[in-house]
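Notes follow the structure.
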Amino acid sequence: MTATLTTTGYDVEAIRRDFPILAKPLPNGASLVYLDNGATAQKPGLVIEKMVECLENYTANVHRGIHALGDRVTTELEAAREKVRQFIGAAEAEEIIFTSGTTMSINLVANAWGRKFLQAGDELLLNEMEHHANLVPWQQIAHECGATLRFIPLTADGRLDLSALDDVLTDRTKLVAVTGLSNVLGTVNPIGEIAARAKARGALVLVDGAQSVPHSITNVRSPDIDFLGFSGHKLYGPTGIGVLYGKRKLLEKMDPFLCGGNMIRRVQKMSSDFAEIPSKFEAGTLPITEAIGLGAAIDYVQSVGLAAIAGHEDSLMRQAYRQLSEIPGLTIVGPAPDFRGGIVSFTVEGVHPHDMAELLDRKGVAVRAGHHCTMPLHDWLKVNSTTRASFAAYNTPAEVDALCDAIHYARKVFRLA
Amino acid sequence: MPREFARLYEVSMSDELYDEHILDHFESPYHKGHLDHPTIAHEDKNPLCGDEVHLELLVDENRRVKEAWFDGHGCAISQAAASILTHEIEGKTIDELKEFTAPHMLDLLKVRLTASRQKCGLLGFKILKTMIYTLDERKPTVSP
């Protein structure tokens, strides 16, 4: 990563006009300062309009109706799948499975791959910065299969300590599950090196892309990863839709996770044959409108340019890191800017993160406070919660200033300044 | 609903939440600490934000709360509310405290809490209610 990426030519005001919520004035006349993008991103008009178009013009089920509506909606859904394929560099559209979100994607792998292929004595390699969605499913499946969880240690500044990787990555390691971008520390993990070293040991690699996919270019074939999960709603798309990418040869060997309609080839009274991928893992009616909305969100991101968005977010993060560091009593968790994406979490001495978030809200600044579904990480940090600011395409340098001003206000309310 | 967005913020941008009453109790809590021999002690946490409150009561033979103490850590609302609670319940009997309701507890805070922050404001209250239930279960049965 270069020291500073310029954002010359990046017209943030034009981007802001694409998001209806950002044009709505607050009671004080200012506009919303939305810095909770790590939780969910706001939606551009393009996505909202596409979903309305779908609902108003071609509501039907997919892969079923012979009628014109069914034909159209199936075409739209499969076009969205193709957009996802291109967006993450997958070889084939059949390797793109629509799920309800990252959590479901990881649970699908834990159940459909883990239950079939994990045996007593096998090991799964995780780390303490993982979101509960990339930890708890593995705890459950390891318990069931007699496998063991091992953890890559963290460095003091909150990065994966790859100098210790050989201590925990062994011939018994069957899968390394790792986040592309920590939702609290902001750490960008070196997926390339991890994947290469895991492959050398014969282990599979699953990347939790919930935070990384919306904010950096992902190509599942370089570095070579086996599974990738991400959510639509953090990528300016709707909630209720997510993606599991899996390599064809793996998906074909896995048994179904959820069973029912759409995922079968032939059903008899006592047994069934299953459909080909991706249908094998898409039991029941998909969130069709949402999948089509996700396709529109990818169109939107690509029209702006993901590399440009990433550069813009990087410069906001660096500004925030610098300005927040100057606030008395404020401690940023996680590594230096060169090792992080657009997330800055912090504590402020004397103001609990929940009080902080509430007081920032009073200034129209939306952030997240709590453990961010990473309790083991907060144990490691030895704090029970943090306040998080997370950036997206539409945030501005002035909003970073507004965040800092609001933190000063909160300290005043708490009689600290 | 074109006004919906602004209306959301009309409520949440009001400045009343952290008034002097809450901050005074947060900074200088009433009876923060422990009893040597509590009649009953119980604690709970709010997993959302990690607030923890530990409550101890000294209850006399007439089932009257002689002393109430709390300990804990967390946001200002949860800790100030626990302080206000200990002050409120001292001198009251267990039976009187059965009539003590969540809206009453929220009134004592003198601020309007959003739904998510009510969990913070009611954490100590919830612990008290669990204690009252436990004390009733413990009630000595009359000897034959």
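Below, chains carry the letters A, B, ... as their sequence lines are ordered, and counting in each starts from 1. Only a predicted model underlies this, so the values are computations on that prediction, with no experimental measurement involved.
Only the side chain of B:Glu27 has a heavy atom closer than 4.5 Å to any heavy atom of chain A.
With chain A as partner, the option from B:Glu20, B:Glu52, B:Gln79 having the largest number of non-hydrogen pairs under 4.5 angstrom is B:Glu20.
A:Ala23 pairs by the side-chain contact (heavy atoms from CB on, under 4.5 Å) definition with nothing, not counting sequence neighbours. A search for side chain to side chain donor-acceptor pair (under 3.5 Å) contacts involving B:Asp24 returns A:Arg415, not counting sequence neighbours. Every side-chain contact (heavy atoms from CB on, under 4.5 Å) that A:His131 has, sequence neighbours left out, goes to A:Ala133, A:Asn183, A:Asp208, A:Cys373.
Atom OH of B:Tyr9 and atom CG of A:Asn28 lie 10.5 Å apart (nearest 0.5 Å). Rounding to the nearest 0.5 Å gives a distance of 11.5 Å between CD1 of B:Ile77 and NE2 of A:His354. Expressed to the nearest 0.5 Å, how far CZ of B:Phe26 lies from NE2 of A:His352 amounts to 8.5 Å.
Annotation: B:Lys119, atom NZ; neighbour count of heavy atoms from other residues, nucleotides and ligands within 6.0 Å does not exceed 12. Heavy atoms from other residues, nucleotides or ligands lying under 6.0 Å from NE2 of A:His132 number more than 12. B:Lys32 NZ: more than 12 foreign heavy atoms inside a 6.0 Å radius.
Within residues 66-75 of chain B, the residues having any heavy atom closer than 4.5 Å to a heavy atom of chain A are B:His73, B:Gly74, B:Cys75, listed by residue number.
Residues B:Ala6 and A:Pro27 come closest through the heavy atom pair O-CG, 3.6 Å.
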